[in-house]
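Before any comments, here is the structure.
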Amino acid sequence: MAMAEGERTECAEPPRDEPPAEGALKRAEELKTQANDYFKGTSGPDRVVKVKPHDKDAKMKYQECSKIVKQKAFERAIAGDEHRRSVVDSLDIESMTIEDEYSGPKLEDGKVTITFMKELMQWYKDQKKLHRKCAYQILVQVKEVLCKLSTLVETTLKETEKITVCGDTHGQFYDLLNIFELNGLPSETNPYIFNGDFVDRGSFSVEVILTLFGFKLLYPDHFHLLRGNHETDNMNQIYGFEGEVKAKYTAQMYELFSEVFEWLPLAQCINGKVLIMHGGLFSEDGVTLDDIRKIERNRQPPDSGPMCDLLWSDPQPQNGRSVSKRGVSCQFGPDVTKAFLEENQLEYIIRSHEVKAEGYEVAHGGRCVTVFSAPNYCDQMGNKASYIHLRGSDLRPQFHQFTAVPHPNVKPMAYANTLLQLGMM
């Protein structure tokens, strides 16, 4: 595959993701430690009282962290090694009543239709909330669809067909609508791949993910969703999605979102030539497509290994590998990319995961393409965004740039962890 390598362009330093912790308990402990440092206390609440006896906010934040630690410790203690019981088992969707005063979109005979999707997008555009019964219906049904998929989805494009590949959308619902305005609504003749990080940071993540899940139900073979590092519990607890779901719906619904995210595929291969994943390549040589197929993805990602790398790694300009600036997985060089592609008879990879000033970047001699679809990321980066067209005739990436559109006055990170909002993380 021969593509011209683009000049590397950088925005101002983007917000960098925290690496996933070994578990929720570890994350909570870290939060507690940071709170201790912030309050200049070292020995618990009594120390906070001594240092800042009249600081009610300090005491509240510290107590919040302590509560998280105790809660997560309890959850870990009762969980054992058994896989948790599905939220679906405790739901009685049929008994949920849609009140007479609700005038919003409803599934037709329990099914998503194109009429429902158009009404849903307009309803969301008007800043209204989908009824919880409809949201639960979508989540239960999309879980059934996703759990039947392979960890590596394999797609064939005929010579006359094209597919659109989008990168991170991060809860920027109005920019997602703009993609559909510019590029057309999804359909059997206008297929899409959304390459992870649908949620967090942006404060319309519920609207983004339920819209994407709706289209997945409507066009299961022509609308594809891959998992990103933000479709995980640790990230959602910190960067806003968990808080947003709890604010707009319930904690139970967040637990169901978490279950659904675990079934998202990790990679997609087009015509056996182009491999798409959210993060990038691997910390060790010798990984094959068959190794990806064999990954048991129905879990929270581990701290290392192929699943972690697919969600977290980044390319670097120099050969070899180096420690990731994110604190998890690795950075991989052009030689690593070349060896992987040759071993697996691929031409190039498409990945996302990093904001780019122009919305995309071509690196590693044309073998590593980054696409990012959240313009003016977090309302502060000023970056363009892009999506890619791939045609079955030659599979050369065609980049289409776009800029941010206005959105309602709800700031990014509105539902994020309170410590993060205070600048403590």
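- Between Phe332 and Phe340, the distance from one ring center to the other does not fall under 6.0 angstrom.
- Taking NZ of Lys216 as the reference point, atom CG of Asp221 lies at 7.0 Å (rounded to 0.5 Å).
- Between the side chain of Ser373 and the backbone N or O of Gly167 there is at least one donor-acceptor pair closer than 3.5 Å.
- Between Met307 and Arg227, the shortest heavy-atom contact is CE-NH1, 3.4 Å.
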For Ser187 and Thr189, run side-chain hydrogen bond (donor to acceptor under 3.5 Å, both in side chains): C-alpha distance rounded to whole Å, both residues' side-chain angles, the deciding distance at 0.1 Å, then the answer. CA-CA 5 Å; Ser187 69; Thr189 57; 3.2 Å; yes

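- The structure places CZ of Phe399 at 11.5 Å from CD of Glu358, a figure rounded to the nearest 0.5 Å.
- Partners of Arg351 under the side-chain hydrogen bond (donor to acceptor under 3.5 Å, both in side chains) rule, at least two apart in sequence or in another chain, are Asp314, Glu354, Thr370.
- Relative orientation of the Tyr174 and Phe204 rings is perpendicular, given thresholds of 30° and 60° on the angle between their planes.
- Side-chain N or O atoms of Asn236 include none that pairs as donor or acceptor with a backbone N or O of Glu242 at under 3.5 Å.
- In this structure, the side chain of Thr97 does not engage the main chain of Glu99 through any donor-acceptor pair within 3.5 Å.
- Under a 3.5 Å cut-off, the side chain of Ser258 and the backbone N or O of Tyr254 do not form any donor-acceptor pair.
- The closest donor-acceptor contact from the side chain of Glu231 to the backbone of Asp197 lies under 3.5 Å.
- Among pairs with a residue in residues 112-138, none fulfils salt bridge (Lys or Arg N to Asp or Glu O under 4.0 Å), at least two apart in sequence or across chains.
- Between Lys273 atom NZ and Leu341 atom CG the span is 11.0 Å, to the nearest 0.5 Å.
- Taking OG1 from Thr164 and OH from Tyr387, the interatomic distance works out to 7.0 Å, rounded to the nearest 0.5 Å.
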Going through the distances and angles, do Gln316 and Ser322 end up as a side-chain hydrogen bond (donor to acceptor under 3.5 Å, both in side chains)? CA-CA 8 Å; Gln316 64 180 19; Ser322 62; 2.4 Å; yes

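- The closest donor-acceptor contact from the side chain of Thr151 to the backbone of Leu266 lies at 3.5 Å or more, if one exists at all.
- Between Trp123 and Tyr102, the ring centre distance stays below 6.0 Å.
- Within 6.0 Å of the CG atom in Asp109, the count of heavy atoms belonging to other residues, nucleotides or ligands does not exceed 12.
- The existence of a salt bridge linking Asp291 and Lys294 is excluded, since no basic side-chain nitrogen approaches an acidic carboxylate oxygen closer than 4.0 Å.
- Asn376 places no side-chain N or O within 3.5 Å of a backbone atom of Lys384 that could act as its donor or acceptor partner.
- The distance between the ring centers of Phe173 and His407 does not fall below 6.0 angstrom.
- Using a 4.0 Å cut-off between a side-chain N of Lys or Arg and a carboxylate O of Asp or Glu, Lys148 and Glu144 do not qualify as a salt bridge.
- Here the CD1-CD1 distance, from Ile163 to Ile270, works out to 5.0 Å after rounding to the nearest 0.5 Å.
- When ring centroids are compared, Phe215 and Tyr192 stay outside the 6.0 Å threshold.
- Asp175 places no side-chain N or O within donor-acceptor distance of the main-chain N or O of Ala404, the cut-off being under 3.5 Å.
- Using a 30° and 60° split on the angle between ring planes, Phe261 and Phe241 fall in the tilted class, from 30° to 60°.
- For Asn344 (side chain) and Leu289 (main-chain N/O), a donor-acceptor pair under 3.5 Å exists by modelled atom type.
- Ring geometry for His170 versus Phe372: interplanar angle of 30 to 60°, hence tilted.
- Distance alone, capped at 3.5 Å, is enough to place a donor-acceptor pair between the Glu259 side chain and the Val87 backbone.
- Once rounded to the nearest 0.5 Å, the distance linking CZ of Arg299 with OG1 of Thr232 reads 12.0 Å.
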